[in-house]
Amino acid sequence: MNKPVVPETLQSLDQRSRDIFRRIVESYLGDGEPVGSRNLSRILPVSLSPATIRNVMSDLEHLGLVYAPHISAGRLPTQLGLRFFVDAFMEVGDLSSAERNSIEAQVRAAGETHSPESVLTQASQILSGMSRGAGLVLAAKAEGALKHIEFVRLEPTKALAVLVTQSGDIENRVIDLPVGVTPSQLIEASNFLNAHIQGRTITEARQEIARLKEETQQALDALSQHLVEQGLAIWGGAGGGQPARLIVRGRGNLLESVNAEADLERLRHLFDDLETKEGTLQLLDLAEAGPGVRIFIGSENKLFSLSGSSLVIAPYRDSDQRVIGALGVIGPTRLNYARIVPMVDYTAQLVSRLLR
């Protein structure tokens, strides 16, 4: 998906410009027709002259948010404008209890045949009927064995996870980073993973990292206990909801014991190693997960870019929370996104439960 334009663009618009832009988009989503300054002057919450509205529309056009299909016509939102509206202004609604019950009853009825295909077919038909678009179901592709992974920092809180499979396929995923992650930590995580992921899928790689983390934790516990038994350290700080921490004491005496000094150095490395595995595991989860419902507008989705269609899609998962497919709605760019997003989200969650 394209990078959101919300922060910079939103700051450049005053309240009057925002109101006019919203009315242009809402009118387009309603009937697909351009709206002119005279019609806008009648429906805006504040009284503005058509001339003032035309000036604002000109500014919005300069920002690339709207365009005029004809010289004397009103304005329509551009693809960028629709993305901006979805990111900055759209208020996602919720399904009514009756709608939820209807979807669940139909999908469960299909599931009584114990056929995953019937569940997915029914889900697609439901989405098509409720959205008046085309229902879409994507079967899961087999996870490829990984050859290489790299994390490329994009912003302080975002990175690009580049996944290369042994067959040569490359997949890029934008992930949200935990607070405080540095570029050097991303490099360390990449190096660590590449030493352990050869020939493994993402799911298998995550399981391996979790195993290594548990292995490190067990070694850490054993070594800590050994130091306590020697009287060189004590456990302190436990209780009152606070985690226990190892307090080293008698540092002068450690100089008399080479073995104890080596144990403490090993203990420090184990703590560092455990922290690295914890962060690496978190990065792997982020790379695999991604957001729930995703909206692709026009050329943001290469599969439907030529037709100018939009796609609202969400994954469905198995009992291990692995993505095994996706379902959604395809339609014109003037889809009722606020209504379709919760519809797709709920149906995907329901299908996930029934297929487990």
Side-chain angles (χ1 to χ4, degrees), residues 1-93 127-134 136 293-313 328-344:
M1 288 171 57
N2 292 346
K3 183 179 178 180
V5 295
V6 174
E8 297 177 2
T9 308
L10 193 60
Q11 291 175 6
S12 67
L13 298 180
D14 58 22
Q15 190 59 50
R16 182 174 61 184
S17 299
R18 297 181 193 186
D19 288 340
I20 292 174
F21 173 71
R22 287 190 64 166
R23 297 293 177 173
I24 291 174
V25 177
E26 289 170 354
S27 176
Y28 168 73
L29 295 179
D31 57 28
E33 298 295 327
V35 58
S37 55
R38 290 190 179 278
N39 286 335
L40 279 172
S41 67
R42 298 189 188 101
I43 61 177
L44 285 171
V46 294
S47 178
L48 295 173
S49 69
T52 299
I53 294 174
R54 282 193 294 272
N55 288 334
V56 173
M57 292 166 75
S58 178
D59 292 338
L60 293 173
E61 191 167 359
H62 179 72
L63 289 171
L65 299 179
V66 302
Y67 74 102
H70 308 290
I71 295 177
S72 59
R75 300 298 193 278
L76 290 172
T78 61
Q79 178 180 306
L80 183 68
L82 283 173
R83 167 53 59 192
F84 176 53
F85 176 82
V86 166
D87 290 341
F89 294 106
M90 186 178 74
E91 296 179 2
V92 177
L127 290 175
S128 177
M130 293 183 69
S131 67
R132 297 186 178 180
L136 171 73
V293 180
R294 302 188 68 184
I295 299 174
F296 297 90
I297 300 172
S299 62
E300 291 178 356
N301 175 37
K302 294 181 181 179
L303 186 60
F304 304 108
S305 61
L306 294 180
S307 65
S309 301
S310 282
L311 172 65
V312 181
I313 193 167
V329 171
I330 309 167
T333 54
R334 64 183 192 88
L335 283 171
N336 186 343
Y337 300 100
R339 171 171 164 74
I340 292 176
V341 165
M343 185 190 308
V344 169

Exercise. Leu65 and Leu13: side-chain contact (heavy atoms from CB on, under 4.5 Å), yes or no, with the steps?
Worked result: CA-CA 11 Å; Leu65 299 179; Leu13 298 180; 4.3 Å; yes
Problem set entry | Worked check of side-chain contact (heavy atoms from CB on, under 4.5 Å) between Ile297 and Val86 | CA-CA 10 Å; Ile297 300 172; Val86 166; 4.1 Å; yes
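- Annotation: side chain of Ile295 is in contact with side chain of Met90 (closest heavy-atom distance under 4.5 Å).
- Heavy-atom minimum distance, Pro342 versus Ala338: CD-O, 3.1 Å.
- Closest approach of Gly328 and Leu127 over heavy atoms only: O-CD1, 3.7 Å.
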Exercise. Where do Leu29 and Tyr337 land on the side-chain contact (heavy atoms from CB on, under 4.5 Å) test, with the steps shown first?
Worked result: CA-CA 9 Å; Leu29 295 179; Tyr337 300 100; 4.2 Å; yes
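- Ring geometry for Phe89 against Phe21 counts as tilted: the plane angle lies between 30° and 60°, on a 0 to 90° scale.
- Contact check on Asp87 versus Arg83 returns a salt bridge, with a Lys/Arg side-chain nitrogen under 4.0 Å from an Asp/Glu carboxylate oxygen.
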Exercise. side-chain contact (heavy atoms from CB on, under 4.5 Å) between Tyr28 and Glu33: does it pass, once the steps are laid out?
Worked result: CA-CA 6 Å; Tyr28 168 73; Glu33 298 295 327; over 6 Å; no
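- Checking each of Leu40, Val66, Ile20 against Val56 for a side-chain contact (heavy atoms from CB on, under 4.5 Å) leaves exactly one that passes, namely Ile20.
- Atom CD of Gln79 sits about 8.5 Å away from atom OG1 of Thr333, to the nearest 0.5 Å.
- The backbone N or O of Pro50 sits nowhere less than 3.5 Å from a side-chain atom of Ser41 that would complete a donor-acceptor pair.
- Partners of Ser37 by side chain to side chain donor-acceptor pair (under 3.5 Å), not counting sequence neighbours, listed by chain and number: Arg54.
- Residues Asp14 and Ser17 bring a donor and an acceptor atom of their side chains to less than 3.5 Å of each other.
- Distance check: Phe84 CZ to Leu60 CG gives 9.0 Å after rounding to the nearest 0.5 Å.
- Contact between Leu76 and Pro69 at its shortest, heavy atoms only, is CD1-CG, 4.0 Å.
- Annotation: side chain of Val344 is in contact with side chain of Val329 (closest heavy-atom distance under 4.5 Å).
- For the pair Arg294 (side chain) and Val312 (backbone), a donor-acceptor distance under 3.5 Å is absent.
- Taking 4.5 Å as the limit, every side-chain heavy atom of Val25 sits out of range of all side-chain heavy atoms of Arg22.
- Contact between Val35 and Ser27 at its shortest, heavy atoms only, is CB-OG, 3.8 Å.
- At least one side-chain heavy atom of Arg16 sits less than 4.5 Å from a side-chain heavy atom of Thr52.
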